[in-house]
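These numbers come from a predicted model, not from an experiment. Numbering starts at 1 and runs along the sequence shown.
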Amino acid sequence: MAIDVNKYDFLISDENEVMLLLYARDIAPEEPVVRLNSEQKTIELYRRRDDAFTLENVEDQIFTLLKDEPNLLVCEIYPTDNPDETEIVYTYEATIVE
């Protein structure tokens with residue numbers, strides 16, 4: 001099954017806590033950080049020193065909710081044979097840096 005590892009989504013809890021949901025990479029994250037750029041509507045996720053990518057077209061609401069937060073919760077998943085289920089591979093907090 002081919003998956004688009006560049007797809008992502010944000011989930012917002014009833015308490016306005018933000019979680020980034022994306023497909024798992026092959027290597028575990030190590031000291032992850034994120035850099036927010038509300039003007040360009042992008043978020044750069046650095047999973048490891050040698051593994052970074054940019055989330056584009058991020059909604060303004062996400063930047064508003066993360067403005068004063070120290071971390072972004074990230075959940076990396078992998079689809080299973082059942083289309084209604086996914087396997088959680090990594091869950092971690094990425095430090096928000098300037």
Minimal heavy-atom distance between Y90 and I27, with the atoms involved, is OH-C, 3.6 Å
Hey, are the side chains of I77 and Y23 touching, using non-hydrogen atoms and a 4.5 Å cut-off? yes
Has T80 got a side-chain atom pairing as donor or acceptor with E85's backbone, closer than 3.5 angstrom? yes
Quick one: do L36 and E44 satisfy side-chain contact (heavy atoms from CB on, under 4.5 Å)? Show the steps, please. CA-CA 7 Å; L36 310 179; E44 296 172 343; over 6 Å; no
Do V74 and V97 sit in the same hydrophobic cluster, where Ile, Leu, Val, Met, Phe, Trp and Tyr count as joined when their side-chain heavy atoms come under 4.5 Å apart? no
Give a yes/no verdict on a cation-pi contact between R25 and F53, requiring under 6.0 Å between NZ or CZ and the six-membered ring centre and an angle within 45° of the axis. yes
When rounded to the nearest 0.5 Å, the distance separating OG1 of T95 from CD of E69 is 12.5 Å
Run the side-chain contact (heavy atoms from CB on, under 4.5 Å) test on E31 and V33 for me, step by step, so that the C-alpha distance in whole Å, both residues' side-chain angles and the decisive distance to 0.1 Å come before the verdict. CA-CA 7 Å; E31 299 180 24; V33 297; over 6 Å; no
Output, in order, the C-alpha distance, side-chain angles, deciding distance and verdict of side-chain contact (heavy atoms from CB on, under 4.5 Å) for I62 and I43. CA-CA 10 Å; I62 300 301; I43 295 178; 4.2 Å; yes
Has R35 got a side-chain atom pairing as donor or acceptor with E98's backbone, closer than 3.5 angstrom? yes
Residue pair Y8 / L22: nearest heavy atoms and the distance that separates them: CB-CB, 4.1 Å
About how many Å separate CG of L55 and CZ of F10, when rounded to the nearest 0.5 Å? 5.5 Å
Can N37 and F63 be said to form a side-chain contact (heavy atoms from CB on, under 4.5 Å), step by step? CA-CA 8 Å; N37 187 330; F63 295 105; 5.6 Å; no
How about L45 and L20: do any of their side-chain heavy atoms sit closer than 4.5 Å? yes
Going by distance alone, is a donor N or O of one side chain under 3.5 Å from an acceptor N or O of the other, for E76 and Y92? yes
Heavy atoms from other residues, nucleotides or ligands near CG of D26 exceed 12 (cutoff 6.0 Å): no
Here the gap from L72 atom CG to E93 atom CD, rounded to the nearest 0.5 Å, amounts to 9.0 Å
Nearest 0.5 Å, please: how far is CG in L65 from NZ in K67? 10.5 Å
With D60 via salt bridge (Lys or Arg N to Asp or Glu O under 4.0 Å) - residues at least two apart: K41
From CG (L11) to CE (M19), nearest 0.5 Å: 4.5 Å
Any non-hydrogen side-chain atom of I96 less than 4.5 Å from a side-chain atom of L66? yes
To the nearest 0.5 Å, tell me how far E59 CD sits from T64 OG1. 10.5 Å
Say whether, by atom type as modelled, one donor and one acceptor occur between the side chain of S13 and the main chain of E15 under 3.5 angstrom. yes
